[in-house]
Amino acid sequence: MTSSAILTHPIRPISDLPIDETLADALLGSINDYREQLHGRRLWLACSGGRDSLALAALCVQLYRQGRLPCLPQLLHVDHGLQAHSRHWAKHVADWAQAQQIPCHILRAQVTGHDEQAARQARYNAMRAHINQDDVLLLGHHADDQAETVLMRLIQGAGVNGLSGMQPWRVQTQHGRRHALWRPWLTVRRATISNYAKRLALPYIDDPTNETGDNVRSGLRRDIMPILATYNPNVIDNIARSAQLLGDAQATVNVQAEQDMQQTADESLQLPAAQRMLNIDTLQVLPIYRQRQLLHHWLGQDEPLPPAKQLVDDVWNLTQRSDHDHQTELFWQARTQSYVVRRYRQALYCLSSSWLSWLDSPLLEQEQPLSRSNLTDPDSAEAGLVVLTARRSEDYIWQLQVPTKKWAAWLAFFTADTSRNAVLKIKPLARSQRVQASLATRPQSGKKLYQTLGIPLWLRESLVVVSVVLLDKEHAKNEIPILLLSPFDRWILKNDFSINTKNLGSDIDDVFKNVISVVE
C-alpha cells in the first residue's frame, strides 16, 4: 500500500541529472557566508519528503558527487503519526535516501495538541533530541516561506525582531543543548524549487494540508499572497528583502541590548535557562526605549520566539514600582517552557518553572570524614577534590566542592593535634536555627535572617549550613558552623575561630566552591 500524496515518479539515482545553478549558487554562497561556523560540525537535513526538503537533499547529493560540496548531510525524517499515511511517507523517504546513498534516520514523535504548530514543535523536539551538541540542522525554507512568516507576524503585531522573519543562521540553546539552524534558500523563490523538482522528476510528497489547511499560513498562501501579487508581482522578493533589512536592524539592536545587559546583569546570580537577574537601579539609568529593548532581549534569550509586547510592558511596569510588595509575579508561557518574573528589592528575576520546582525539592544532609594525614598524602583516595551534594535532580545539581590540599591547611588551623580527625558536613538550615553571619551584630533566624542577608522568597528554603565537626580520641564532637550557603551566594559565619581566619593564607572563596550546574 502506498499514499496518493506521493508523486508517482519512480525512485532513481539523481546524481548525474542536471543541476539548477540558481539553487546551487544560493547554497554554496551561504556555505561561504558561514564557513567558519560550519567548520568541523556535523550536518543534518530535516527532510519531510516534501518538495522543498527533498529538492535540497537532491541538490546536496548532486553537489557532493561533483566535489562541490565538502560533506553530505544526514537526513532526518520525523513520523508523528498525524497523517493516515505517515508511515508510508517515512518508508518512502528512507527508500529514496537509500537509492541516493545518503544516510537517513527515521524518528518518531508524540504530538501534544492537534494544530500544525504543535506538530512542528514535536518535529523539532525529536530532531533536537537526536542530534549532538553544536550540530547543524539544514532546513529548506525559501523566500515564499519568509514572506508568509513576515505577514503572519505583522498581523500579530510583531516588532523589528519578529518582522525580520526567519534567520539564515540561528543558534538555539535549550536545556543546555546547543545547535544551529541553517536556512540557505531564504532568497530563493518557491517556483525555482518547483521547476527543479519537475526537471528531476522527484517523487516528493505533496501534503494536501499545505494548501487546504485551516491555519493562518495556509490562508495567507492560498488567499492573500495572490492578491498582493496583483499590486506588485515582486511582492515575495520585496518582503523577503525587507525581512533581511530588518534582520540587520535587529542585529544592531541586539548588540546594544547585549552591551546594556552586561552592565545590568549580575553574573553571580545567573543560571542560563533557569534564573536570570537584572539590577533595577542600573536599568533605570538607561533611556526608556533602551530599557524596553533590554527587557525584550533579556526575557527572550532562552527562547526561540521573542516575548509579547504586553509582557515586556508589564515587566517594565514592575521595575517602576516604589512599594515593598515582593509577592507580585508575572507568568509567561513561552515556547519551550514557562517562566515567572518577580522583583525582590532592586533586582528583577526571570525564573523557569523547572527551576522553581527544583527549589521545592528536598535538601540533602551529607558528611565527609577527613583525615589531615590522608589529605596531605598524594596517594590517598581522599586527595584531590571533596564533593558534597546539597540537592540534585535530572535537571540541576548543587554541590560544595573543596580542594583537599587547601582544606588540609584549614583543618590544621582548627586543630594542631594531627591525630584528631574532622568531618566536613552540610545540612539544611532549620527555620528556628540561629546563626550569625559576619555582617550581622547578633545571631538571627527566620525572617530576620532572610532580610539581613537579602535572600529572595523563592530561595529561602534552599539554605544549608557548612560545618566542621572535630573528633577527639574519645570520639567526642565539636561542631563549628563556618558557612551558610544558598544556590548563588555564601556568608561566612562567626564562630570561636573567626577572628583569626584571615591568617590562613587561603581566602574562603578559594577553599569552598559553591557550584550550581545543569545536568547534561
Side-chain angles (χ1 to χ4, degrees), residues 19-47 52-53 55-76 102-103 105 124 127-143 145-146 149 160-161 164-188 240-241 243-262 267 270 272-273 297 300-306 518 520:
I19 285 181
D20 186 293
E21 290 301 330
T22 299
L23 298 178
D25 288 346
L27 176 58
L28 297 175
S30 188
I31 289 176
N32 188 62
D33 290 341
Y34 301 105
R35 185 173 302 277
E36 183 176 342
Q37 293 94 321
L38 286 165
H39 180 71
R41 293 189 176 186
R42 181 177 297 180
L43 187 61
W44 307 86
L45 194 158
C47 186
D52 305 332
S53 62
L56 183 55
L59 183 65
C60 287
V61 170
Q62 291 180 312
L63 293 175
Y64 179 74
R65 304 300 179 203
Q66 292 183 5
R68 299 168 65 185
L69 194 69
C71 64
L72 194 62
Q74 300 185 53
L75 304 189
L76 291 178
I102 182 172
H105 305 264
Y124 276 110
M127 289 187 286
R128 271 195 293 262
H130 183 82
I131 65 180
N132 298 317
Q133 182 84 336
D134 287 326
D135 285 356
V136 177
L137 185 60
L138 181 58
L139 303 169
H141 296 128
H142 46 70
D145 293 327
Q146 181 75 299
T149 298
V160 174
N161 189 36
S164 63
M166 297 176 286
Q167 301 306 304
W169 183 275
R170 176 168 181 161
V171 176
Q172 286 193 334
T173 302
Q174 184 175 351
H175 301 306
R177 293 175 60 87
R178 184 177 58 249
H179 66 278
L181 300 180
W182 180 31
R183 301 179 175 95
W185 274 359
L186 288 181
T187 59
V188 171
R241 183 167 56 252
Q244 186 174 12
L245 294 172
L246 286 166
D248 293 341
Q250 183 61 46
T252 302
V253 171
N254 287 344
V255 169
Q256 180 66 71
E258 187 65 32
Q259 291 174 350
D260 289 340
M261 192 166 66
Q262 290 176 3
E267 288 302 318
Q270 313 291 336
H297 181 76
Q301 58 191 314
D302 298 312
E303 287 292 322
L305 294 180
V518 177
E520 295 290 341

OG1 (Thr187) and NE2 (His142) are apart, to the nearest 0.5 Å, by 12.0 Å
Just so I know, are the side chains of Arg42 and Ile131 near enough to count as touching, which here means a heavy-atom distance under 4.5 Å? no
Please work out whether the ring planes of Trp44 and His130 are parallel, tilted or perpendicular, with thresholds of 30° and 60°. perpendicular
Any side-chain heavy atom of Gln172 sitting closer than 4.5 Å to one from Leu181? yes
Met261 and His297, any side-chain heavy atoms less than 4.5 Å apart: yes
Going by heavy atoms in the side chains, are Leu23 and Trp185 under 4.5 Å from each other? yes
Within the side chain of Arg68, is there an N or O that forms a donor-acceptor pair under 3.5 Å with the backbone of Tyr64? no
Polar side-chain atom of Gln146 near backbone of Met166 as donor-acceptor pair, under 3.5 Å: yes
If only atom types and distance count, is the side chain of Ser164 paired as donor or acceptor with the main-chain N or O of Asn161 below 3.5 Å? yes
His39 versus Arg41: any side-chain heavy-atom pair under 4.5 Å? no
Would Gln74 and His105 count as having a side-chain donor-acceptor pair, cut-off 3.5 Å? yes
More than 12 foreign heavy atoms under 6.0 Å from CD of Glu21: is that the case here? yes
Is it true that atom CD of Gln244 has more than 12 heavy atoms of other residues, nucleotides or ligands lying nearer than 6.0 Å? no
Side-chain donor or acceptor of Arg183 paired with backbone N/O of Gln167 under 3.5 Å: yes
